[in-house]
Peer 1: 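Questions regarding the structure given below will be posed in turn.
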Amino acid sequence: MAAHRRSAHRKPKQRPLTGSAARTAATLALAGAATAGSVTGAGAAPAEPAPTATQVRAKVDRLYHDAEVATEKYNGAKEEAATATRAVDALADEAARRTARLNTARHALGSLATAQYRSGTLDPAVQLALSSDPDAYLQRASYLDRAGDRQNGLLRGIRRQVSQITRVKARADQETERLAARRAELREHRTAIRTKLADARRLLDTLTADERAAYERSADARHGGPSHADRSAGRAPVAAPNSRAAQAIAFAHGAIGKPYVWGATGPDAFDCSGLTQAAWKAAGVSLPRTTYTQINAGARIPRSQLAPGDLVFFYSGISHVGLYIGGGQMIHAPRPGAPVRIAPVDEMPFAGATRVA
């Protein structure tokens with residue numbers, strides 16, 4: 001009986017599938033595997049399509065614009081760093097001069113103290129009583145009083161010098177911290193510029209030769225063409241309102257064809273604000289270094305009242321500037337790869353204008 005129960009609980013022995021049953025099972029197994037594979041791969045993102053030539057050109061334009069924004073920030077930080085460097089040097093010179101005066105005063109005080117020690121060993125009343133020549137003693141005592149006054153004056157001067165040196169060194173420490181911050185900004189903006197320009201070059205390299213040539217032609221059309229030749233044909237020249245404006249315009253005309261280099265102020269290359277600064281410097285007028293400071297360097301004027309020599313600014317962040325020459329045109333340094341040239345003022349979003357002189 002027990003043996004019968006044990007045999008009843010045994011798992012029945014499965015026979016191997018043969019014939020059509022085996023083929024059916026294999027088909028079902030393969031179908032299951034394929035279904036599992038499709039479920040596993042369902043979460044994988046499809047490959048992103050390569051950008052079109054139009055998209056590449058738009059991205060390159062944006063990168064060039066962002067690089068110009070970073071360039072103006074770099075120019076501003078560089079100018080502030082130069083100012084901080086001059087301040088640190090001036091404070092160091094002042095501290096050295098004051099320290100030299102302090103050492104002179106200390107030496108004079110030491111000499112006076114030594115002389116008093118040598119001659120002042122007795123109480124003044126005893127010295128008068130024992131003196132064989134009271135008149136001579138009183139004369140010497142008067143001198144000692146005056147010497148005491150001089151000593152007090154030296155002490156006050158020394159205290160004043162120490163206090164002033166302490167203040168100068170505190171200002172020097174502040175300027176040194178400011179200089180370090182500006183240098184850190186310079187590194188940050190320099191890295192941003194180089195990164196954006198490198199990204200732009202990589203994108204341009206993805207274009208075919210024909211696509212790249214088409215991009216350059218469209219960029220030239222937007223920025224006024226590859227040179228100034230015949231760009232003002234059919235338009236009568238507009239006279240500058242004064243001799244300084246005429247000088248600035250003459251300088252800018254002489255810079256046409258020179259390359260755009262970020263951070264450059266001439267004479268062989270320029271960025272946009274470097275060109276306008278150099279042009280007006282040739283006319284004897286000192287402009288600040290950046291677009292966003294140059295716009296406040298004169299009287300703001302509406303676009304309808306533009307005259308040759310005015311500075312014209314573009315984009316909401318005031319990141320580009322040109323020199324207006326009349327007839328709706330300007331001379332400007334457009335971007336990397338595009339040299340200084342004449343271009344229409346309406347090629348970019350107009351932001352404002354300033355009359356320098």
Side-chain angles (χ1 to χ4, degrees), residues 60-61 64-65 67-68 71-72 213-262 264-283 285 287 291 294-295 297-298 301-315 318-357:
V60 169
D61 284 343
Y64 278 146
H65 173 68
E68 188 165 45
T71 295
E72 290 307 310
Y215 170 78
E216 294 298 338
R217 285 194 299 271
S218 67
D220 282 341
R222 292 194 306 275
H223 293 290
S227 74
H228 70 293
D230 299 326
R231 290 294 160 182
S232 57
R235 296 185 180 183
V238 181
N242 56 62
S243 60
R244 284 187 170 182
Q247 286 177 295
I249 292 171
F251 180 94
H253 270 288
I256 288 174
K258 293 186 177 180
Y260 177 105
V261 174
W262 63 268
T265 58
D268 300 319
F270 302 90
D271 62 20
C272 67
S273 57
L275 174 63
T276 51
Q277 185 188 49
W280 272 102
K281 183 179 180 181
V285 177
L287 289 183
T291 53
Q294 287 183 7
I295 196 170
I301 55 171
R303 183 171 180 171
S304 60
Q305 296 179 15
L306 283 174
D310 291 342
L311 303 178
V312 282
F313 300 88
F314 304 91
Y315 299 104
I318 318 297
S319 58
H320 192 76
V321 62
L323 185 72
Y324 188 68
I325 59 172
Q329 300 213 8
M330 64 178 173
I331 298 175
H332 73 144
R335 59 174 177 81
V340 176
R341 58 184 58 170
I342 293 176
V345 171
D346 57 6
E347 72 173 16
M348 292 176 286
F350 187 82
T354 294
R355 181 157 299 155
V356 178

Peer 1: Using distance only, find each side-chain donor-acceptor pair of residues 254-261 under 3.5 Å and give its atom names and separation, not counting sequence neighbours.
Peer 2:
unit_1	atom_1	unit_2	atom_2	d
K258	NZ	P267	O	2.7

Peer 1: In Å and rounded to the nearest 0.5 Å, what is the CD1 to CD1 distance from I331 to I325?
Peer 2: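 Separation between the atoms: 4.5 Å.
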Peer 1: Measuring from D271:CG to T265:OG1, what's the distance to the nearest 0.5 Å?
Peer 2: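 Answer for the CG-OG1 pair, D271 versus T265, is 8.0 Å.
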Peer 1: Listed by chain and number, what are the side chain to side chain contact (heavy atoms under 4.5 Å, CB included) partners of P302, not counting sequence neighbours?
Peer 2: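 In terms of side chain to side chain contact (heavy atoms under 4.5 Å, CB included), with neighbours along the sequence ignored, P302 is linked to S304, Q305.
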Peer 1: Could you give the side-chain donor-acceptor pairs of residues 272-281 under 3.5 Å, partners two or more places apart or in another chain?
Peer 2:
unit_1	atom_1	unit_2	atom_2	d
S273	OG	E72	OE1	3.0
S273	OG	E72	OE2	3.0
S273	OG	R289	O	3.0
S273	OG	R289	NH1	2.8
T276	OG1	S273	O	3.1
T276	OG1	Q294	OE1	2.8
T276	OG1	Q294	NE2	3.4
Q277	NE2	L287	O	3.0
W280	NE1	G309	O	3.3

Peer 1: Taking side chain to side chain contact (heavy atoms under 4.5 Å, CB included) as the definition, give me every residue that meets it alongside D346, ordered by chain and number, with sequence neighbours left out.
Peer 2: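 In terms of side chain to side chain contact (heavy atoms under 4.5 Å, CB included), with neighbours along the sequence ignored, D346 is linked to R303, P344.
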Peer 1: With sequence neighbours excluded, what pairs up with A67 under the side chain to side chain contact (heavy atoms under 4.5 Å, CB included) test?
Peer 2: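 A67: side chain to side chain contact (heavy atoms under 4.5 Å, CB included) contacts with K196, L197.
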Peer 1: Using the side chain to side chain contact (heavy atoms under 4.5 Å, CB included) rule, pick out the option among V321, I318, V312 that qualifies with I295.
Peer 2: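 It is I318, the one option of V321, I318, V312 that forms the side chain to side chain contact (heavy atoms under 4.5 Å, CB included) with I295.
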Peer 1: Nearest heavy-atom pair of P308 and A239: which atoms, and what distance?
Peer 2: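 Result for this residue pair: CG-O, 3.7 Å.
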Peer 1: Report yes if some heavy atom in the side chain of P336 is under 4.5 Å from a heavy atom in the side chain of Y64; otherwise report no.
Peer 2: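 Heavy-atom side-chain distance check passes, below 4.5 Å.
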Peer 1: When rounded to the nearest 0.5 angstrom, what distance separates CG in L306 from OH in Y324?
Peer 2: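 Going from CG on L306 over to OH on Y324, the span is 5.5 Å.
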Peer 1: Are I342 and H253 close enough, and set up right, to give a side-chain contact (heavy atoms from CB on, under 4.5 Å), and what steps lead you there?
Peer 2: CA-CA 9 Å; I342 293 176; H253 270 288; 3.9 Å; yes
Peer 1: What's the shortest heavy-atom distance between D61 and Y215, and which atoms?
Peer 2: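 Between these two residues, the closest heavy atoms are OD1-OH, 2.7 Å.
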Peer 1: Hey, is the main chain of L311 close enough, under 3.5 Å, to the side chain of T354 for a donor-acceptor pair?
Peer 2: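 No, the answer is negative, given that no donor and acceptor are paired below the 3.5 Å cut-off.
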Peer 1: F314 and F350: which non-hydrogen atoms are nearest, and at how many Å?
Peer 2: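 So the two residues come closest at CD2-CA, 3.8 Å.
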Peer 1: In terms of relative ring orientation, are H332 and H320 parallel, tilted or perpendicular, with 30° and 60° separating the classes?
Peer 2: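 Perpendicular, since the angle between the ring planes exceeds 60°.
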Peer 1: So H65 and Y315, would you call those rings parallel, tilted or perpendicular, with 30° and 60° as cut-offs?
Peer 2: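 H65 and Y315: tilted rings.
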Peer 1: Excluding sequence neighbours, so at least two apart, what forms side-chain hydrogen bond (donor to acceptor under 3.5 Å, both in side chains) with R244?
Peer 2: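 Result, side-chain hydrogen bond (donor to acceptor under 3.5 Å, both in side chains) vs R244: none returned.
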Peer 1: Minimum heavy-atom separation for V340 and A252, please, with both atom names.
Peer 2: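 Residues V340 and A252, closest heavy atoms: CG1-O, 4.5 Å.
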